[in-house]
Protein chains: 2
Amino acid sequence: MSAPLNADLFDPFCSHRMPIRVGDKWSGMILRCLEDGPRRFTELKVPLKGVAPKVLTETLRAMERDGWLTRTAYDENPPRVEYALTELGRSLLGPMDVACAWAREHLDDLPRIGDRTHPA
Amino acid sequence: MSAPLNADLFDPFCSHRMPIRVGDKWSGMILRCLEDGPRRFTELKVPLKGVAPKVLTETLRAMERDGWLTRTAYDENPPRVEYALTELGRSLLGPMDVACAWAREHLDDLPRIGDRTHPA
DNA sequence: AGAGCCGGTTCCGTTGCAGTAACCGGCCAC
DNA sequence: GTGGCCGGTTACTGCAACGGAACCGGCTCT
């Protein structure tokens with residue numbers, strides 16, 4: 001992680017407070033998980049606490065479709081599938097770092113969890 | 001506007017393609033509308049093509065609650081209400097510029113409108 | 001009296017993101 | 001043959017965001 005939040009970046013509640021979002025709820029965290037190299041499905045499930053496999057699959061498929069990452073299935077047993085960032089996906093890390101820096105700087109101004117009925 | 005997209009930034013379809021979002025659907029556009037000074041309700045409705053007054057009210061209230069802008073009602077007739085950025089709101093323009101720059105650079109890699117069933 | 005302006009509000013409906021729970025096929029080890 | 005691992009899929013549900021249409025009060029202008 002090149003510019004982590006002080007708060008746990010991989011806590012999904014964090015993205016509720018974060019006014020700048022990359023993609024949908026989990027895409028940003030997935031980008032962070034992949035920046036140091038390819039990872040497989042179960043390796044992503046662990047740091048992304050509590051993500052439902054269905055949602056993770058959907059998100060990964062959408063990111064693949066949009067050219068942010070590649071999916072490589074190896075014909076082994078047990079099966080192995082690796083997800084890796086493309087150049088386009090990697091190019092999103094820059095803007096993400098800026099957003100994270102903003103968030104770190106204004107952490108105290110961010111709404112407290114639970115305060116909000118309408119998102120911002 | 002300090003870093004506009006080539007595409008019409010105030011076309012809501014644009015935000016469907018944009019993988020980096022500030023706040024909800026309209027917040028980013030509202031920030032842009034206010035960066036050159038305060039504006040009133042109807043002055044916001046015009047550039048934000050087709051926003052329902054209800055949604056605009058909700059969004060402005062949420063942005064006020066989160067400290068991004070201030071709402072000032074003058075006791076005149078016809079009524080006048082002015083919305084102005086706070087320092088916090090203004091501080092979001094920087095990250096937004098970065099996101100817009102990214103989008104301009106990768107405009108051709110962004111998914112075509114209508115291609116998507118699942119968002120990114 | 002009637003119409004218009006401003007800044008909304010109310011009602012109702014649709015869409016889609018996200019989540020839970022359960023299940024699957026193929027292979028392996030016990 | 002039973003259970004576990006991996007990488008999912010399917011069916012069902014909930015909720016928040018978003019939107020369209022209609023309406024409102026207070027005032028002014030004609």
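Here is how names work: the chains are called A, B, and so on, in the same order as the sequence lines, proteins then strands, and each is numbered from 1.
Atoms CZ (B:R80) and C1' (D:dG26) sit 17 Å apart, rounded to a whole Å. C:dG7 atom P lies 13 Å from atom CG of B:D75, rounded to whole Å. Between the OH atom of A:Y83 and the P atom of D:dG8 there is a distance of 4 Å, given to the nearest Å. In this structure, B:E58 places its CD atom 12 Å from P of D:dA16, rounding to the nearest Å. Rounded to whole Å, atom C1' of D:dA16 lies 12 Å from atom CZ of A:R21. Between the NZ atom of A:K45 and the P atom of D:dG8 there is a distance of 10 Å, given to the nearest Å. One can place CG of B:L60 at 13 Å from P of D:dC18, the figure rounded to the nearest angstrom. Atom CD in B:E64 sits about 14 Å away from atom C1' in C:dG8, given to the nearest Å.
Between B:K25 and D:dG19 there is a side-chain N or O to OP1 or OP2 distance below 4.0 Å. Look at A:R61 and you won't find any side-chain N or O under 4.0 angstrom from OP1 or OP2 of D:dG7. Note on B:T42: every side-chain N or O is 4.0 Å or more away from OP1 and OP2 of C:dC5. Look at A:R40 and you'll find a side-chain N or O under 4.0 angstrom from OP1 or OP2 of D:dG7.
For A:R39 (side chain) and A:C33 (main-chain N/O), a donor-acceptor pair under 3.5 Å exists by modelled atom type. A:E43 contributes a side-chain N or O that, together with a main-chain N or O of A:R40, makes up a donor-acceptor pair within less than 3.5 Å. Panel note: side chain B:R71, backbone B:V81; no donor-acceptor pair is recorded below 3.5 Å. In this structure, A:S27 contributes its side chain and A:V22 its backbone to no donor-acceptor pair below 3.5 Å.
In this structure, A:Y74 reaches neither bases nor backbone, as no heavy-atom distance under 4.0 Å exists between it and the strands shown.
In summary, B:E35 and B:R32 engage in a salt bridge, as defined by a charged side-chain N under 4.0 Å from a carboxylate O.
The nucleotide whose nearest atom lies closest to any side-chain atom of A:F41 is, among C:dG8, C:dG19, D:dG8, D:dG8. Closest to the side chain of A:N77, from the set C:dG26, D:dC18, D:dG20, is C:dG26.
A residue-by-residue look at A:P53 and A:P78 shows that A:P53 has its nearest nucleotide of DNA chain C further toward the 5' end.
Scanning atom types as modelled, one donor and one acceptor separated by under 3.5 angstrom connect the side chain of B:K54 and the base of D:dG19.
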